[in-house]
Enquirer: 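Let me give you the structure first, and then I'll get to my questions.
A note on names: the letters A, B, ... follow the listed sequences, proteins ahead of strands, and every chain is numbered from 1. The structure presented is a predicted model; accordingly, all values stated were derived computationally and were not measured.
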Protein chains: 2
Amino acid sequence: MFPVNVELSPHSISGNIGLAELKEAGNARDAIVEAAAKCFMHSGYSETSIDDVADDLGATKGRIYHYYRSKAELFFDVHRHGMAINLNAIEPIARGEGSPYDRLQSMCKAHLANMLEHIVYQRVVLQGVEMHLSSSTTPKQREKLKLLMKEREFYEGLFRDVLLEGRQNNTFSFENPSFASKAVLAILNNPVLWYTPRKTQSVQEKNQVIEEFSAFAMQSVNAKQ
Amino acid sequence: MFPVNVELSPHSISGNIGLAELKEAGNARDAIVEAAAKCFMHSGYSETSIDDVADDLGATKGRIYHYYRSKAELFFDVHRHGMAINLNAIEPIARGEGSPYDRLQSMCKAHLANMLEHIVYQRVVLQGVEMHLSSSTTPKQREKLKLLMKEREFYEGLFRDVLLEGRQNNTFSFENPSFASKAVLAILNNPVLWYTPRKTQSVQEKNQVIEEFSAFAMQSVNAKQ
DNA sequence: CGGGAAACATACTACTGAGTATGACGTTGT
DNA sequence: ACAACGTCATACTCAGTAGTATGTTTCCCG
């Protein structure tokens, strides 16, 4: 991650260093997404104004509307960002080698690690679920929201598949696979609702949360090695 | 328990407020609360206007502002309503007779039954949590929000106490009691995010959800009879 | 029966905030 | 050197909505 906090000061001196970096990776958008994530996490979607995000950037509306057509699109992009983080971490594990037990455990721990590390994005993802429940926004944007939920369901499917595979070995036991994956993710997502990173002992704390909540998740489906 | 007591409203004595409120306090407020709950669930807090609630009532703003000083207070009342439903159902069980195992299981099933039955209110309660994360509203109303969270924590404490009691017998096993109660409630609350009541087989469906998710919750803390 | 208070409806105000139109500034290509 | 484009800032518009001020009806109580 790049904590690039571009101070304003539109002097374009220094030849190309700053600008080159900005342009190359499309970092202008990324900076916006990051600021938006921070604001959305802090104040929620509706309570966050575009001006708030702009302030956080040290810029104005113009900058944001130059890259995003609407507030909703910005939110969607933040959401996608968060989901991408999760998918990149979990999908390789889910499709990798190892027993269902080992894989599920790895997935749980990786997911929890993501929650605690990228909590800013993850809370936005949760807000996406809230938004889904609400009958939100315009008719056309509901399509995009549907797509985000598809992603989410795909992600849940990764867990469901491992669970199903493990049920064959009697590694796990449950009735409804869909319910089981929902229960597991409910536990794994819970920490984002209350966890706030502290400077001191941050690592210890995190490990404790990861260990315990992955244990809860595994036990909830009656995992046996 | 400490039923928080909101100062406006011409009634509301200091004692226990449970069902008495429903009867005595007149249907006017209750009708408003119910309509508000419906709207808040459907569109979320910020997306719901007072006029929306009024429309649902077949009335106008005047009616609502006659009983509630602000939109936030209305929300708080809906939240309290939801919490009261839960407390009335669970507290007797938590403080009642029986083994920790039996009590926790009863609590889980009762909580789930409440979720599915009063889903309108329960989703609003969840929004309350979201609001808590956000730095919301005016400085004075944050106090009330704090009180709601106190209620919520009290509720969580009921689960925590039973869990602690059961850990002594090796009925349950976990490290951090606070984490354990959060994990259990995370599972129990999950169905409100996706459950939508259907007319047909509604009873069958509900029972299935209740049975499975209470099982997940019990297993998550390694419950053994 | 009349006066007053509760229970609303109606008609405002005031303000926030999303989205736009346009201009300013720099960069790049030729 | 100039034209064209990308990248923003500034200054607007305008719709939605929380809250208020005031009128109107109904009901109760002496």
Enquirer: Could you go through A:Gln127 and A:His79, starting from their C-alpha distance and side-chain angles, then the distance that decides it, and tell me whether this counts as side-chain contact (heavy atoms from CB on, under 4.5 Å)?
Expert: CA-CA 9 Å; A:Gln127 286 180 35; A:His79 191 287; over 6 Å; no
Enquirer: Would you indicate, yes or no, if C:dC8 has its OP1 or OP2 atom less than 4.0 angstrom from a side-chain nitrogen or oxygen of B:Tyr67?
Expert: yes
Enquirer: Using 4.0 Å as the upper bound for N to carboxylate O, is an ion pair formed by B:Glu156 and B:Lys182?
Expert: yes
Enquirer: What is the separation between atom OH on A:Tyr68 and atom C1' on C:dA18, rounded to the nearest whole Å?
Expert: 17 Å
Enquirer: Using atom CD of A:Glu47 as one end and atom C1' of C:dG17 as the other, report the distance to the nearest whole Å.
Expert: 12 Å
Enquirer: To the nearest Å, give me how far apart OH (B:Tyr45) and P (D:dT17) are.
Expert: 13 Å
Enquirer: Please work out which residues in residues 48-61 of chain B have a non-hydrogen atom less than 4.0 Å from an atom of DNA chain C and list them by number.
Expert: B:Ala59, B:Thr60
Enquirer: Using atom CG of A:Leu74 as one end and atom C1' of C:dG19 as the other, report the distance to the nearest whole Å.
Expert: 14 Å
Enquirer: Take atom CZ of B:Arg63 and atom C1' of D:dT25, then tell me their distance rounded to the nearest Å.
Expert: 14 Å
Enquirer: Under 4.0 Å: is that the gap between some side-chain N or O of B:His66 and OP1 or OP2 of C:dC8?
Expert: no
Enquirer: Please state how far atom NZ in B:Lys71 lies from atom C1' in D:dG16, giving the value in whole angstrom units.
Expert: 11 Å
Enquirer: If the test is side chain to side chain contact (heavy atoms under 4.5 Å, CB included), which one of A:Met115, A:Lys109, A:His111, A:Met107 qualifies with A:Leu188?
Expert: A:His111
Enquirer: May I ask you to establish whether A:Lys71 and A:Tyr45 are in a cation-pi arrangement, using a distance under 6.0 Å from NZ or CZ to the six-membered ring centre and at most 45° from the ring axis?
Expert: yes
Enquirer: In whole Å, what is the span from the CD1 atom of A:Ile32 to the C1' atom of D:dT7?
Expert: 11 Å
Enquirer: Distance from B:Phe154 atom CZ to B:Glu91 atom CD, nearest 0.5 Å?
Expert: 4.5 Å
Enquirer: Can the positive tip of B:Arg29 be found less than 6.0 Å from the middle of the six-membered ring of B:Tyr68, inside 45° of the ring normal?
Expert: yes
